[in-house]
Amino acid sequence: WGCYEAALLEGSLSPTARQVIKIDSQYLLDQGVKGAGAAGSVAWPDSRFRSGLVMGAVQSGKTASMLGLAAMSLDTGVDIVVVLAGTRIALWRQTYERLSEQLFAQKRGLLLPDPARMLKGEGDLGTPQSLFNLSTARVSRALREREPLVLVVMKHGQHIRAAAKMLHERAYRNLDALGRPLHILVLDDEADDGSILDASV
């Protein structure tokens, strides 16, 4: 949160707007992400899966609150944050750049795809499999050392499958060795009619 708050201070937001983002993010963390209590709490369903929806008007600061929630969640020990961002490359990159600048200014954690590839400007980014590729050893070390892993995934079937495959093969298969629960937060930025109506497909 400190990194994100510093980025907000450098922007053009008023003190009131920054305070609203902080209050919104804290509320979403307390009532949503941590709303069922600590790991193992009886309020958690047996599936260990919980979902929720946050609604807001156009240009009301939803993405700012989402990034604030991601920052606060990482501070509380969430291991992995997956941000589903945009159905088009331009929107996906826009969210990626914003998240990279505002949450990763201190270079703490792993951000996928790699910033060196994503922030180089226009051009071929490579295959989705190459964008979401980390070695098992690197993922294991990050989880062991509580180094956050953040994935910004375009809402496109191949990208989602590539990110999911990497997590299943490199993170989930090694949970026994980790010796503790793994906490993952999935955020859908711009959960608009298109993404919601296509969910059953």
Give me the atom names and distance for the closest heavy-atom approach of Leu125 to Leu131. O-CD2, 3.4 Å
Okay, side chain of Ser73, backbone of Leu69: is any donor-acceptor separation there less than 3.5 Å? yes
Among Ile23, Asp24, Leu29, which residue meets the side chain to side chain contact (heavy atoms under 4.5 Å, CB included) test with Gln26? Leu29
Does atom CZ (Arg180) have a neighbourhood of more than 12 heavy atoms from anything else shown, all under 6.0 Å? yes
Checking the side chain of Arg18 only, and the main-chain atoms of Leu9 only, is there a donor and an acceptor separated by less than 3.5 Å? no
Is the backbone N or O of Ile184 less than 3.5 Å from a side-chain atom of Asp79, with the two atoms forming a donor-acceptor pair by type? no
Would you say that Leu185 contacts Ile80 through its side chain, given a criterion of any heavy-atom pair below 4.5 Å between the two side chains? no
Leu99 to Leu111 - nearest heavy-atom pair and separation: CD2-CD1, 3.7 Å
Heavy atoms only: give me the nearest Ser25-Gly68 pair and the separation to one decimal. OG-CA, 3.3 Å
Should Ile160 and Val82 be counted in the same cluster of Ile, Leu, Val, Met, Phe, Trp and Tyr side chains packed under 4.5 Å apart? yes
Between Met72 and Val33, is there a side-chain heavy-atom distance shorter than 4.5 Å? no
When rounded to the nearest 0.5 angstrom, what is the spacing between NZ in Lys165 and CG in Asn133? 9.5 Å
Among residues at least two apart in sequence or on other chains, which ones pass salt bridge (Lys or Arg N to Asp or Glu O under 4.0 Å) with Arg141? none
Find the distance between CG (Leu167) and CG (Leu151) and round it off to the nearest 0.5 Å. 5.5 Å
What distance do Ser65 atom OG and Leu187 atom CG have between them, rounded to the nearest 0.5 Å? 11.5 Å
Here the ring pair (Phe, Tyr, Trp, His ring centres under 6.0 Å) pairs for residues 141-167, sequence neighbours left out, are Trp92-His159, His156-His159
Does Ser130 use its side chain to pair, donor to acceptor, with the backbone of Gly126 at less than 3.5 Å? no
For Met154 and Gly86, which heavy atoms make the closest approach, and how far apart are they? CG-O, 3.1 Å
Determine, step by step, whether Leu103 and Arg98 satisfy the side-chain contact (heavy atoms from CB on, under 4.5 Å) criterion, reporting the C-alpha distance in whole Å, the side-chain angles of both residues, the deciding distance to 0.1 Å, and the verdict. CA-CA 8 Å; Leu103 289 189; Arg98 186 169 172 184; over 6 Å; no
Per side chain to side chain contact (heavy atoms under 4.5 Å, CB included), Tyr172 is matched among Glu169, His168, Arg170 by His168
Criterion side-chain contact (heavy atoms from CB on, under 4.5 Å) on Leu182 and Leu143, from CA distance to verdict: CA-CA 8 Å; Leu182 181 76; Leu143 295 176; 3.7 Å; yes
Selection residues 2-14 - residue pairs positive for side chain to side chain donor-acceptor pair (under 3.5 Å), sequence neighbours left out: Trp1-Glu5
Test log, rule side-chain contact (heavy atoms from CB on, under 4.5 Å), inputs Met66 and Val83: CA-CA 9 Å; Met66 180 197 72; Val83 177; 3.9 Å; yes
So do Leu149 and Val81 actually touch side chain to side chain, heavy atoms under 4.5 Å? no
With hydrophobic residues grouped by side-chain heavy-atom distances under 4.5 Å, do Val54 and Val20 end up in a single group? no
Least distance between heavy atoms, Phe132 atom then Pro113 atom: CE2-CD, 3.8 Å
Step by step, work out the side-chain contact (heavy atoms from CB on, under 4.5 Å) result for Lys155 and Asp188. CA-CA 9 Å; Lys155 288 194 277 188; Asp188 185 354; 2.8 Å; yes
Minimum-distance pair of heavy atoms, taken over all atoms of Met166 and Leu134: CG-N, 4.1 Å
Do Asp189 and Lys62 sit within salt-bridge range, that is, some charged N less than 4.0 Å from a carboxylate O? no
